[in-house]
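Letters A, B, ... mirror the listed sequences (proteins, then strands); counts begin at 1.
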There are 2 protein chains.
Amino acid sequence: MNSLVEENYLKALFSLSNGDGEVNVNDLSKHLEIKMPTVTSMMKKLAAKKLVHYKSYKPLRLTARGRKEAALVIRKHRLTEMFLVEKMGFGWEQVHEIAEQIEHIKSPIFFSKMDELLDYPKFDPHGSPIPDINGKITGKAYRKLSECNEGDTVKMAAVINTSDEFLKFLNSREIHLGLKIKINSVEPFDHTMVVSYENHLSESLSHMVCERLLVEKE
Amino acid sequence: MNSLVEENYLKALFSLSNGDGEVNVNDLSKHLEIKMPTVTSMMKKLAAKKLVHYKSYKPLRLTARGRKEAALVIRKHRLTEMFLVEKMGFGWEQVHEIAEQIEHIKSPIFFSKMDELLDYPKFDPHGSPIPDINGKITGKAYRKLSECNEGDTVKMAAVINTSDEFLKFLNSREIHLGLKIKINSVEPFDHTMVVSYENHLSESLSHMVCERLLVEKE
DNA sequence: TAATTTTGTTAGAACACTCTAACTTATTAG
DNA sequence: CTAATAAGTTAGAGTGTTCTAACAAAATTA
């Protein structure tokens, strides 16, 4: 069983891993706001636990086990964020801090219940994929339509808040997964977007709607 | 801000306080499963923080502030238990362990949201009163009807799980707050209770129902 | 009341996690 | 390629929480 502190190191290593999975002590130190010598000694500890490959003066890499354990913490974080937004009515900007704490709760049943109540969600309210119970990540990260810019062409990937009303709304506008959407303009005042797709040449989408549509950039 | 560990000491002191509010180091030590010298030194620390009155070889007492802070942790614990049972569908026997962890979450908004979603409950699923946001405890502790014995006469005090269906059920049996109920017999097999009250001389109440009725002993 | 037991304290050490200061290795810039 | 800079490590110390061993005070019992 890893401590709360170890979990935070694992999570940071995971999210700083780029293509080759290598992380510098220095970057990790800055990300965690923990001084380098402290990081070094923790890396030796995690190496002893077979969670990190550590060689002096070489970049850090998570082991397969380390990667899995990190992903499981991230799973708990993202499930929690989704739960806070969907089931408790928090705004997506409020949930990160709370999830940072709840992700360390030791109770498999607590998180499996969340998962069930949320109907096994595949991504969190920010569009990031939720690792499965084995720590495997299938989906890729999406971005919210509201975060895209004028002129972008994007593809509908997923939807947050699948309430009946919202789905009916999407239906009425013929918005569906896979749909290619072009952003014609963004109203600076209220962030309403004017978009076009298929035979809808000028459809207005409120900020609230754009916050709930997850897209891929072309 | 108190640490998780300090919060656990405060909570233990609170719940071990009897009428005069005095607690022995030894009892505290046993309750927390922490050795006496450790408890002594923590008491000195809490005394320095004005949370405990400490005199060598004398019983411990919480200060007014200590009592308040303890009550606020207990508030978070009981709110959490209620949330887990009412909103997440856990059994009341599953929730204690999870609540022991969640009670230490630092996020006022998280707990005020729970409180709101639960419609400001006054007691937890075990019948214990939930302290208010100022740490004041108004209600007294109730016990579940299911925990009472054959021959007991009890008074209806409160109801857990106020779903429409359950309230309709209670209505149909003319069960209401303040009602005096006599337990005639308890079925050993499934814990069904046969009770009498007012002009109902032999009413059968399933274990599920008895778990949700909180009563005072006469 | 005196002896014994129980309760509580002091002293000293250990573990997890953090730091600063000083040193070493690797990288970058002339 | 050497000098300067950046990145990483080692050593030693501090804080928070825990322990065991030894001692002191209080309560109990004979």
Taking the side chain of [X] as its heavy atoms from C-beta onward, which of [options] lies nearest to it?
{"X": "B/Met42", "options": "D/dG8, D/dT18, C/dG8", "result": "D/dT18"}
{"X": "B/Asn24", "options": "C/dT9, C/dG8, D/dT9", "result": "C/dG8"}
{"X": "A/Pro37", "options": "D/dC19, C/dT9, D/dT9", "result": "D/dT9"}
{"X": "B/Tyr54", "options": "C/dT7, C/dT9, C/dT18", "result": "C/dT9"}
{"X": "B/Ile34", "options": "D/dG8, C/dC19, D/dT18", "result": "D/dT18"}
{"X": "A/Thr40", "options": "D/dC19, C/dT20, D/dT9", "result": "D/dT9"}
{"X": "B/Tyr57", "options": "D/dC19, D/dA25, C/dT18", "result": "D/dA25"}
{"X": "A/Val5", "options": "C/dT18, D/dT18, D/dT9", "result": "C/dT18"}

Rounded to whole Å, please give me the gap between [atom1] in [X] and [atom2] in [N].
{"X": "A/Glu6", "N": "C/dA16", "atom1": "CD", "atom2": "P", "result": "9 Å"}
{"X": "B/Tyr9", "N": "D/dT18", "atom1": "OH", "atom2": "C1'", "result": "8 Å"}
{"X": "B/Lys58", "N": "D/dA26", "atom1": "NZ", "atom2": "C1'", "result": "9 Å"}
{"X": "A/Leu4", "N": "C/dA16", "atom1": "CG", "atom2": "C1'", "result": "12 Å"}
{"X": "A/Leu28", "N": "D/dA6", "atom1": "CG", "atom2": "P", "result": "20 Å"}
{"X": "A/Leu46", "N": "C/dA16", "atom1": "CG", "atom2": "P", "result": "12 Å"}
{"X": "B/Lys35", "N": "D/dA22", "atom1": "NZ", "atom2": "C1'", "result": "17 Å"}
{"X": "B/Asn26", "N": "C/dT9", "atom1": "CG", "atom2": "P", "result": "11 Å"}

Within the distance-only criterion (no hydrogens, no angle test), does the side chain of B/Glu150 pair as donor or acceptor with the backbone N or O of B/Val186 below 3.5 angstrom?
-> yes
Please confirm whether the backbone N or O of A/Leu51 pairs with a side-chain atom of A/Thr63, one donor and one acceptor, at under 3.5 Å?
-> yes
Check the side chains of B/His191 and B/Glu187 for a donor-acceptor pair under 3.5 angstrom, ignoring hydrogens and angles.
-> no
Base, sugar-phosphate alone, or nothing: which one does B/Ser56 contact when heavy atoms must sit under 4.0 Å apart?
-> sugar-phosphate
Hey, is NZ on B/Lys113 packed in by over 12 heavy atoms from elsewhere, all under 6.0 Å?
-> yes
How far does CE of A/Met88 sit from CD of B/Glu116, to the nearest 0.5 angstrom?
->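 Going from the CE atom of A/Met88 to the CD atom of B/Glu116 covers 9.0 Å.
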